[in-house]
Protein chains: 2
Amino acid sequence: MPTVFKILLVDDEQDILDFLSYNLKKDGFEVHVANNGRDAIEIAKTVVPHLVILDVMMPEMDGIETCRELREIPSLKDTMIAFLTARNEDYSQIAGFDVGADDYITKPIKPRVLTSRIKALLRRLNPEETHIDKMEVGGIKIDIERFLVIKNGEEISLPKKEFKLLALLATKPGKVFTREVILHQIWGDEVIVGDRTIDVHIRKLREKLGDNFIKTIKGIGYKFEF
Amino acid sequence: MPTVFKILLVDDEQDILDFLSYNLKKDGFEVHVANNGRDAIEIAKTVVPHLVILDVMMPEMDGIETCRELREIPSLKDTMIAFLTARNEDYSQIAGFDVGADDYITKPIKPRVLTSRIKALLRRLNPEETHIDKMEVGGIKIDIERFLVIKNGEEISLPKKEFKLLALLATKPGKVFTREVILHQIWGDEVIVGDRTIDVHIRKLREKLGDNFIKTIKGIGYKFEF
DNA sequence: CGCAATGTTACCAAACGGTTAAGCAAGTTA
DNA sequence: TAACTTGCTTAACCGTTTGGTAACATTGCG
């Protein structure tokens, strides 16, 4: 557990930056600031903050987009991201985006509420809860962060759907995933795709990984084995 | 203890789904939604949520009926079910139904109350209660998750119907299952198959496992023994 | 022994998954 | 912008597995 938490504030309004910065520093946090998304990403890369507080509304690159890009950076995988929104703002849109935010903070901000909120957030950052996004199964390494599969030291890059499919099967090697479950997990609740779609993706995976990793259970589904 | 809890929301009003979904996702739950009871059952079968939140008032198939059907599904035996009711609704009727709900949540819903309520509910889901889907009987291991039967360390893969049949008989070794019960459990209520169908499947099982596991009780049915 | 209840076998139709090619939509490159 | 990629999905076709049945053999109870 680090002794001092690093927070990166991102907002285009200097007043808000100053206000938050002052309050957070007073509470013992190490505070960094950025006026826009672009700078934020650069600073985040070097500082590697524990928490990024992002204003949703910003010119050029908004909070959503910034968040998405931050989430792409492997070194920030344990960084938490919180959005800052006006209370009456319609953030139903935001909710729809699956950009991986950890919290929403509404303006106007009351300093005491903010810090307790932040502490609660950072409490989640303990080592035992950091989730596993790398797995190694039967000579195949799957790195969820980088969207990479490594087989015999060789990197194989898979398209999104194929990767998700493999990652799903690999979460429980040996367990049989029914076609139904696969559909729901990978394609979602409402999307309807044809029968052969799964097969084709399985085939492509087998093509790239070798035939002996994914086993078919006729009438049921597939499982990952070695 | 699972790291991420899966919640299935069922309501015919999209607004409520959105609202709850947004708040629950924010709290780190994996949220699935359904607009009606029928869909809910389908999704529940594949997703196997830890908690289902059911609106009582829904067109066509109401929450009560949906709950009753959910409770019939073996794979959901560890799933909790909570009803959603309007505060002033007369739910004395509901309480009367012994449909196996675990909680009632009243509208209007306050997000914070909701999540703490949910966390309390889920706390009841401790690991030792989780359902066993492996069994070992008389030198034969049946692994439902992997769809595998292991005899003398050797994996035997069985076709769907045969596997289900064996799994059924093995749930209660020694108990005699009448042909009627077997038909009902494996083929369902409406499908009608000929007299010899069961025999043939039994025969195939005996062929693969050896003759001395499944015993015939003439005039009654079959039992699994060793 | 007689006869209904099973066992057995061979056979057929339907179900299922594998494979390939081709159509799209979106993004890239020239 | 046109010509190519790339990723996802569908359609068509095929071989195999499967589930189910019919016909006949066998069993074992009363």
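A, B, ... follow the sequence lines: proteins, then strands. Residue 1 opens every chain.
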Euclidean distance, atom [atom1] of residue [X] to atom [atom2] of [N] [Å, nearest integer]:
X       : N       : atom1 : atom2 : result
E162(A) : dT9(D)  : CD    : P     : 11 Å
F177(B) : dT6(C)  : CZ    : C1'   : 20 Å
H201(A) : dT9(D)  : NE2   : C1'   : 7 Å
D199(A) : dC8(D)  : CG    : C1'   : 14 Å
I217(A) : dG18(C) : CD1   : P     : 11 Å
K164(B) : dG20(D) : NZ    : P     : 10 Å

Taking only the side-chain nitrogens and oxygens of [X], find out if one of them lies under 4.0 Å from OP1 or OP2 of [N].
X       : N       : result
R203(B) : dT9(C)  : yes
W187(A) : dC8(D)  : no
Y222(B) : dG7(C)  : yes
R179(A) : dG17(C) : yes
T216(B) : dG7(C)  : yes

Of all the nucleotides listed ([options]), which has the minimum atom distance to the side chain of [X]?
X       : options                   : answer
V200(B) : dC16(C), dT21(D), dT6(C)  : dT21(D)
V193(A) : dT6(C), dG7(D), dT10(D)   : dT10(D)
R196(A) : dG17(C), dT9(D), dG7(C)   : dG17(C)
K161(A) : dT6(C), dT9(D), dG20(D)   : dT9(D)
K160(B) : dC16(C), dC8(D), dT19(C)  : dC16(C)
T197(A) : dT10(D), dG19(D), dT19(C) : dT10(D)
R206(B) : dG7(C), dT9(C), dG20(D)   : dG7(C)
K218(B) : dC16(C), dT6(C), dG18(C)  : dT6(C)
P159(A) : dT9(D), dG18(C), dC8(D)   : dC8(D)

(message) So if I apply the side-chain contact (heavy atoms from CB on, under 4.5 Å) rule between I214(A) and each of K223(A), R206(A), R203(A), which one comes out positive?
(response)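 Checked K223(A), R206(A), R203(A) against I214(A); only one passes side-chain contact (heavy atoms from CB on, under 4.5 Å): R206(A).
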(message) Could you check whether any side-chain N or O of R179(A) sits under 3.5 Å from a backbone N or O of D195(A), counting only pairs where one atom can act as donor and the other as acceptor?
(response)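 Pair found, side chain donor or acceptor close to backbone of D195(A).
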(message) Taking T79(A)'s backbone N and O only, do any of them form a donor-acceptor pair with H50(A)'s side chain (distance below 3.5 Å, no angle check)?
(response)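 Pair absent, no side-chain N/O of H50(A) close to backbone of T79(A).
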(message) So I198(B), base contact, sugar-phosphate only, or nothing? Heavy-atom distance under 4.0 Å.
(response)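 If one applies the 4.0 Å heavy-atom cut-off, I198(B) turns out to touch nothing in the nucleic acid.
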(message) Under the criterion side-chain contact (heavy atoms from CB on, under 4.5 Å), I'd like the reasoning laid out for L8(A) against V33(A): C-alpha separation, chi angles, the key distance, then a yes or no.
(response) CA-CA 6 Å; L8(A) 171 59; V33(A) 294; 5.6 Å; no
(request) For F147(B), check ring-ring contact (aromatic ring centres under 6.0 Å, His included) against everything at least two apart and list the hits. (result)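 Checked F147(B) against ring-ring contact (aromatic ring centres under 6.0 Å, His included); matches are F163(B).
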